[in-house]
Number of protein chains: 2
Amino acid sequence: MLKTQLKNSKEYQPGLSIDCVIFGFDDNQLKVLLIKTGYDDSWSLPGGFISIDEDIDTAAVSVLQARTGLMGIFLRQFATFGTVGRNQNHFSSDSLAYFGIPPEEEKWYKSRFVTIGYYALVNFSKAIPRIDNPSETVQWVDHHKVPALILDHRAILDRALETLRTELSLMPVGYNLLPEKFTIPDLQKLYETILGRKLDRRNFLRKITAIGILTKLDEKKSNVAHKAPNLYCFDKNKYEEVLKNGLTQGW
Amino acid sequence: MLKTQLKNSKEYQPGLSIDCVIFGFDDNQLKVLLIKTGYDDSWSLPGGFISIDEDIDTAAVSVLQARTGLMGIFLRQFATFGTVGRNQNHFSSDSLAYFGIPPEEEKWYKSRFVTIGYYALVNFSKAIPRIDNPSETVQWVDHHKVPALILDHRAILDRALETLRTELSLMPVGYNLLPEKFTIPDLQKLYETILGRKLDRRNFLRKITAIGILTKLDEKKSNVAHKAPNLYCFDKNKYEEVLKNGLTQGW
DNA sequence: ATACAATGTGTTAATATGACGCAATGTACA
DNA sequence: TGTACATTGCGTCATATTAACACATTGTAT
């Protein structure tokens with residue numbers, strides 16, 4: 001949550017931070033980008049502070065860009081977390097010293113923080129987890145196998161997933177999580193993973209194609225066992241159109 | 001936005017405020033509770049600051065309670081607003097002096113603020129608009145006739161209404177906006193007002209009763225022209241149940 | 001060649017939705 | 001007093017949507 005930026009605390013909006021739940025899809029798993037600090041090997045969501053002259057949305061984009069190297073990503077604010085004790089006793093003086101925070105800045109870091117939660121959907125294959133501090137680890141983790149997280153990050157993650165599930169029925173989400181060319185079974189697995197339940201193959205195909213944002217390519221997936229599924233891509237124009245109007249149906 | 005609380009600024013979370021969009025329903029109109037300050041007759045959403053030792057949700061409850069006298073209300077955080085310039089040049093030194101802010105506190109008020117938006121649904125007949133400063137006016141305004149508002153409050157209001165519309169299909173909202181006993185036509189008018197379009201009478205009845213949260217009373221509305229409609233009330237238990245599971249259908 | 005696992009397409013019954021018809025009720029006014 | 005009228009309550013029907021399932025097709029593995 002810290003090392004990405006390191007200005008003087010006066011240059012940041014006080015008492016306010018950003019935390020991002022960055023989702024990716026790979027190996028039929030919904031993964032989340034997590035960070036392990038070198039100080040105490042604790043895991044956390046990637047986050048950062050808000051420059052005093054920066055929109056909160058822009059700050060979120062910065063965090064995302066810093067961690068994944070990606071731009072123009074699907075990014076959405078979903079909730080703000082601000083119970084009183086949420087970051088109480090989080091930073092010890094030792095840890096701040098470890099992170100290179102000068103003593104006169106300690107008070108700022110130890111004060112009460114409210115955090116704005118954003119979630120992002122990224123194309124796993126294009127995202128490169130970035131480390132700007134060698135003692136940090138940035139890692140994709142299956143959302144079923146998330147370790148203990150600092151502060152209330154677990155609750156933030158849960159809320160993000162909950163939001164994603166709800167929004168899945170309101171808009172076509174796959175576009176942001178899959179590579180350019182993909183198969184319908186792939187897309188279905190993505191939906192099943194997010195929703196946490198099985199869907200009927202045939203009904204899924206009918207519904208997803210009925211939306212009208214998929215283009216069937218004259219190409220099949222290669223190197224697969226059994227029958228090779230057809231490849232599809234998203235029709236970006238129609239996708240934008242549907243995003244505006246919203247979807248009606250559920251899954 | 002100010003006068004509700006007036007502690008020393010050090011007792012508040014810096015750079016962070018709460019704004020509430022309080023909805024009520026009366027005279028077949030969806031109304032919003034607005035505040036006119038005595039200083040320059042400008043209108044704003046009721047809001048306040050967050051005590052350093054107070055959860056943000058609690059702060060929102062406080063604002064609501066201070067303005068409507070109501071407790072145990074449906075209150076929901078919907079978005080956080082934080083573009084850089086949103087409160088730039090909002091408070092002049094003159095205005096702060098008018099509000100009784102000592103000069104040494106000016107810097108705090110003039111600094112950049114991020115605001116957390118909450119919306120509330122209240123029973124109009126039970127809510128008593130409260131004025132804690134005689135120079136202020138607290139008033140219910142038809143959401144179609146909202147005057148110019150300060151800062152980005154118009155955008156906050158719009159987002160709140162948008163959220164309410166979406167949530168209307170996800171949960172039974174009427175419970176919080178209507179008096180204990182009400183008629184189906186009343187409830188329909190509420191839905192129509194929120195959604196901004198007409199619904200078919202007969203289909204509405206079918207759908208709303210199918211949810212199973214309404215209890216038909218052995219009583220008719222009195223003092224009405226034409227045929228007296230039956231009175232209903234909400235079944236609080238079933239309502240809670242449905243809230244948990246969520247609704248599927250749309251309107 | 002044949003078994004197998006997964007894909008592509010079609011069918012059908014149940015349910016939900018939207019668009020109406022019509023009788024019943026209670027007030028207003030001749 | 002009784003007739004017009006707006007509004008309510010209940011029902012019908014055609015159509016759209018959904019869920020559940022059958023079957024032929026394809027390409028790999030043995």
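Only this structure's heavy atoms are used, side chains among them; waters, hydrogens and symmetry mates stay out.
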Partner residues of B:Asp200 under the side chain to side chain donor-acceptor pair (under 3.5 Å) criterion, sequence neighbours left out: B:Arg202
Tell me if the centroids of the rings in B:Tyr175 and B:Phe74 come within less than 6.0 Å of each other. no
Could you tell me how far apart B:Gln188 (CD) and D:dG9 (P) are, to the nearest whole angstrom? 11 Å
What nitrogen or oxygen pairs link the protein and nucleotides 1-4 of chain D at under 3.5 Å?
none

Quick one: A:Leu231 CG to C:dT7 P, roughly how many Å, whole number? 13 Å
Got a sec: does the CD of A:Glu240 have more than 12 other heavy atoms crowding it under 6.0 Å? yes
Gap between atoms CD1 and P, on B:Ile208 and D:dC10 respectively (whole Å): 15 Å
Side chains of A:Thr83 and B:Asp55: donor-acceptor distance under 3.5 Å anywhere? no
With A:Phe124 as reference, evaluate A:Phe182, A:Phe25, A:Trp140 under the ring-ring contact (aromatic ring centres under 6.0 Å, His included) test and give the passing residue. A:Trp140
Taking only nitrogen or oxygen atoms into account, show me every contact under 3.5 Å that the protein makes with nucleotides 12-14 of chain D, one pair per line with its distance.
none

If you look only at pairs with a residue in residues 160-169 of chain A, which of them pass as a salt bridge (charged side-chain N to carboxylate O under 4.0 Å, His left out), with sequence neighbours excluded? A:Arg76-A:Glu167
What is the distance from atom CG of A:Leu157 to atom CG of A:Leu161, rounded to the nearest 0.5 Å? 6.5 Å
NA contact type, A:Lys216, heavy-atom cut-off 4.0 Å: base, sugar-phosphate, or nothing? sugar-phosphate
Protein-nucleic acid N or O pairs under 3.5 Å, nucleotides 21-25 of chain C:
from   : atom 1 : to       : atom 2 : distance (Å)
C:dG21 : N7     : B:Arg202 : NH1    : 2.9
C:dG21 : O6     : B:Arg202 : NE     : 3.4
C:dG21 : O6     : B:Arg202 : NH1    : 2.6

Between CG of B:Asn176 and CZ of B:Phe23, what distance do you get to the nearest 0.5 Å? 12.5 Å
Going by salt bridge (Lys or Arg N to Asp or Glu O under 4.0 Å), A:Asp26 matches just one of A:Lys189, A:Lys126, A:Lys31. Which one? A:Lys31
Can you find a side-chain donor-acceptor pair between A:Asp57 and A:Tyr118 that sits under 3.5 Å? yes
Atom-to-atom span, CG of A:Asp200 to C1' of C:dT7 - whole angstrom: 13 Å
Atom pair distance, as rounded to whole Å: CG in A:Leu205 and P in D:dA20: 17 Å
Could you tell me which residues satisfy salt bridge (charged side-chain N to carboxylate O under 4.0 Å, His left out) with A:Lys198, sequence neighbours excluded, listed by chain and number? A:Glu192
From CG of B:Asn230 across to P of C:dG26 the rounded distance in Å is 11 Å
How close or far is atom P of C:dT7 from atom CG of A:Leu199, stated in whole angstroms? 14 Å
Euclidean distance, atom CZ of residue A:Phe204 to atom P of C:dT7 [Å, nearest integer]: 12 Å
